[in-house]
Amino acid sequence: MSDAILTARGICKDYRDGDRVAHVLRGIDLTVERGEFVAVMGPSGCGKTTLLNVLGLMARPTSADVLLVDGADCLSLSDRGRTTVRRERIGFVFQRFNLLRTISARGNIDLALQLRGAALDGQAARVLREVGLEECVHRKPGHLSMGEQQRVAIARAVACRPAIVLADEPTGNLDSANTQLVIDLFRRFHDAYGLTVIMITHDAGCASAADRILHMKDGMLEPVE
Amino acid sequence: MKAAGGAGSVVGGEFVLLGGWGFTGDLTLLRLPVANLLHHKLRTALCAAAVGIGVAMMVVQLSLSHGTLNEVAQRMESVDAELIVLPRHANVIFQGGAIFPDTYVELIESAALEGEPVVAKAIPVFLDTVRLGGQQQRLFGIDPADMDGFLGSRRLRQGDLFPGGRAFKQRIEQLRGNSRRYDPERVTSDEVRRACELIIDTRLARVGGYSVGDVTEVFGQRFRIVGVVEAGVAGRVFAPIQTIRHILNGGVPWSSMFFVKLRDPGQAEVVADALARKLNANVELKTQYGSLLRDSFSQVYTYINVASAVALAVCFLFIMLTMYTLILERTREIGILKSLGATKRYVMAIVVWESVLVCSAGTVFGILLAYGIRVVIEATMPLQTVDIQWRWLVLAVAVGLVGGAISALYPGYRAARLDPAAALSFE
C-alpha cells in the first residue's frame, strides 16, 4: 500500500528577468514514499536546487497541480501555513551548511527546537553525540571543520523529528572522508529511524547510497534506476 | 514498522524516540540577539556609544537647564518671607533698576484685611548686576539688618555681616534725620570706601577663588569681601543697600523689589491679591517663583527640548542605518532562520530585540556618562547646577528603549519580508 510523504504533480517554476523568462522547472512529477531515501542527480543549472526549494516550501511554484507534504496541501496554504509546514515537517541540509555562526553547535540545534516549540532537555547534546560531535557541543561553527559543520547541520535537521529531510548537495564542500561520514549518517538515520531523505548530489558514489536515484535534466525528472 | 538497531522506533513513519529524546526546557528569544551582539563587539559598542551620547546629551541638557533654574528658585524661596513685590510690568528675571520709592515700605506694611494688619515686614532689595567669578551675577542690595532673614538656617562661613555697612547705615540715618533724603555731598569718600562691602556665597567664592579681605571693583568702587555665607541663600552677592543707593542713585532711597513677610503665612494668596490692587504692582507668592521663572524661560526650554530631540533622532537614525546594514549583511542568516521555519514575526522580533538590547546598553552608558559630565561641569563651572532628577532618568530609559524599538521596525520589517530561497542564496 502506498504511503506517500511527498506528492508533486506538474510543478513549474519560471524566473523572470525583464522580458526574459527562464523556465527552470517544467512540469515535475514526483512521489516519495515515507521512509524512502531518494537521490536526485543532474548537471549544474538543471533546476535541482529550485526543485528542492519548491518541495521545501521555500519558494512558490509558478504553477502546479498537486503539492502534498506529509498530507498537507501546500498549494492552498498561506505564507504562514507554509512556514508552519516547513517548521514542523521539513528539515534542510545545505551544501554550505548554513549554520548560524554567532551561536554554538548546540545553540543551532536548540534554536531549531525552540522554533518548533519543542522543549530542549539536552536532546541537542544527544543528537550531537549521535553524529559523533559530543566534544563540539559548545563550539561555534567558525571553530569546526567543514565536515563537522555539516554533521551539526544534519543533527539540526533531524533533531526536530521532521517528516522529510531535504539535502542540497550536502557533500559538495567536503573531502572524500567527510563525504563518506555524511553519507553514512544519512544512511544510518534512514535505516535506524526510517528517515525520509531527498538528496541532491553530483556524486554518483553518494547517490548510490539512496534507495532510488532520479536524474534531472532541463527542469524535468527522469528515473535512472 | 520497526526501526532497525533498536535505538529508536517509528510509528506511522514518525519518530517517537530517537536516543531517548525528551522535550522539556526552553530557549529564550533573547539568546540569538545576545549572541549576535556579543559576536560583533565593536559594532555593538559603537552603536551603544551613539545612543549613550544622545541620552547623555538629553539628560545633561535637561538637568542643567532645569537644575540651574530650580537652584535659583530654591535660593529665592529660602528667604524668610511669603510674597515678592515686583514692578507691574517686570517679570521674575527682572535684572536691575529701582522704581519703588521707600514710601512703598510703609504702603506694604500698612496693608490690612478687615482692619487687621497682615504684613509683619517689608524687605527692600536693590537689584543690579556685577561681574564676579568670570560671569554676571545678580547683586542683592539689602539692609544689613535684614541679612538674618536672607541667611535663614545657613551659616556665615567666614568674616562678618557688613560691619562697615551697618556703620554707613547709621551715618545715613543721621544725615537724613526726619527727611527722606540726605545730601550725598556730605558723605566723605572715606566713609563710602569703608561701606563698600560684599558678602558672597561659598560657590562663588570657590569659582572666583575669593576669600574675606579680597577687593574687587564694582560700580567703579573698590569693594571688599567681608563675609562668605553658605550657598543656598537668595543671592550670590550681597551689598549694603545704603551703599548701593548712594553710589548708583545719589542716595535716593528707592528699591527694585520687596520681599514681604506676613503675620499669618496662611493668608499669602489673599494678601497677595490685596497688595497687588493696593500697590498696582506685580505681587507673587514666593512659592510660585520657580514656575514663574520656568515660564520666563519657556522659549529656552523649547530650544533645549528641540536640540535634545534632534540629537536623539540622529542617534536613532544611526541605529536604524546600522540595523539596516546589518540586515543586508545578515541576509543569509535570515534565510537560515526562515528555512528552520521562523515566522516573519520571529525574524522581526530578533531584529527589534537586538536593537532594544543595544539601546538599553547605550542608555545605561548614557546615564553613567551624564553623571560623569555632571562631575566635570560642577568641577569646572561650580555656579552651574546639574540636577539629575529621577524623571529625567525615567525619560532617558523610555526614550532609549522605545527609540531602539522604533529604529529597528523598518529594518525588521525588511528582514521579515525577505524571500527565504533568495536570502539563502545571498552571497
Side-chain angles (χ1 to χ4, degrees), chain A residues 3 5 33-35 49-50 53-54 56-59 70 79-80 83-88 90-92 94 96 98-104 107-108 110-123 126-127 129-130 140 156 158-163 188-189 191-196, chain B residues 1-29 31-40 330 332-347 350 354 416-427:
Chain A
D3 182 15
I5 198 165
E33 299 295 319
R34 201 176 291 276
T49 295
T50 301
N53 285 336
V54 171
L57 311 184
M58 300 268 278
D70 197 22
D79 276 351
R80 180 186 286 262
T83 299
T84 303
V85 171
R86 190 162 65 236
R87 181 170 62 239
E88 296 181 353
I90 301 172
F92 287 94
F94 301 98
R96 291 175 57 180
N98 283 344
L99 297 172
L100 295 171
R101 62 202 169 113
T102 58
I103 53 179
S104 66
N108 270 273
D110 282 346
L111 180 66
L113 291 165
Q114 178 207 15
L115 284 169
R116 197 169 171 181
L120 305 181
D121 195 29
Q123 74 264 41
R126 282 192 286 276
V127 75
R129 192 163 56 242
E130 297 232 16
K140 289 183 181 174
R156 180 179 66 183
V158 302
C160 294
R161 305 189 301 165
R188 183 146 61 88
F189 282 121
D191 291 345
Y193 311 123
L195 183 69
T196 305
Chain B
M1 182 175 166
K2 283 275 184 188
S9 64
V10 177
V11 176
E14 191 176 0
F15 289 120
V16 293
L17 183 68
L18 184 59
W21 297 353
F23 294 97
T24 60
D26 193 19
L27 186 70
T28 67
L29 180 67
R31 185 178 289 185
L32 189 58
V34 169
N36 287 338
L37 293 176
L38 292 177
H39 193 78
H40 303 285
R330 239 190 256 157
R332 196 177 183 83
E333 282 183 26
I334 291 159
I336 296 169
L337 286 173
K338 293 200 159 199
S339 76
L340 294 173
T343 59
K344 288 179 180 174
R345 182 182 291 186
Y346 183 92
V347 171
I350 291 283
E354 203 165 314
R417 284 180 57 85
L418 281 173
D419 176 71
L424 271 177
S425 61
F426 186 81
E427 295 294 336

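These numbers come from a predicted model, not from an experiment. Each chain gets a letter, A, B and so on, in the order the sequences are listed, and its residues count up from 1.
Although no hydrogens or angles enter the test, the distance criterion places no donor-acceptor pair under 3.5 Å between the side chain of A/Arg34 and the main chain of A/Ala163.
Scanning both residues, A/Ala112 and B/Leu340, for their nearest heavy atoms gives CB-CD2, 4.1 Å.
In this structure, A/Phe189 and A/Tyr193 have tilted ring planes: the angle between them lies in the 30° to 60° band.
In terms of the salt bridge (charged side-chain N to carboxylate O under 4.0 Å, His left out) criterion, A/Lys140 has no residue partners (sequence neighbours excluded). In this structure B/Arg330 satisfies the salt bridge (charged side-chain N to carboxylate O under 4.0 Å, His left out) test together with B/Glu333, B/Glu354, sequence neighbours excluded.
Neither the backbone nor the side chain of A/Leu57 comes within contact range of chain B; no heavy atom of the residue lies under 4.5 Å from a heavy atom of that chain. If you measure heavy-atom distances from A/Asp70 to chain B, you find no contacts under 4.5 Å at all. For B/Asp419, the part lying under 4.5 angstrom from a heavy atom of chain A is the side chain only. With a threshold of 4.5 angstrom between heavy atoms, B/Leu337 approaches chain A through its backbone and through its side chain. Proximity to chain B is limited to the side chain of A/Arg156, based on heavy atoms less than 4.5 angstrom apart. Only the side chain of A/Asn53 comes within less than 4.5 Å of a heavy atom in chain B; its backbone stays farther off. Of the atoms belonging to B/Lys338, heavy atoms from both backbone and side chain fall under 4.5 Å from chain A.
In terms of heavy-atom pairs under 4.5 Å with chain B, the best-connected choice from A/Leu100, A/Val85, A/Ile103 is A/Leu100. Counting heavy-atom pairs closer than 4.5 Å to chain B, the top residue among A/Asn98, A/Thr49, A/Thr84, A/Asp79 is A/Asn98.
A/Pro162 has its side chain out of reach of A/Ile90: every pair of non-hydrogen atoms, C-beta onward, lies at least 4.5 Å apart. Annotation: side chain of B/Arg332 is in contact with side chain of A/Arg96 (closest heavy-atom distance under 4.5 Å).
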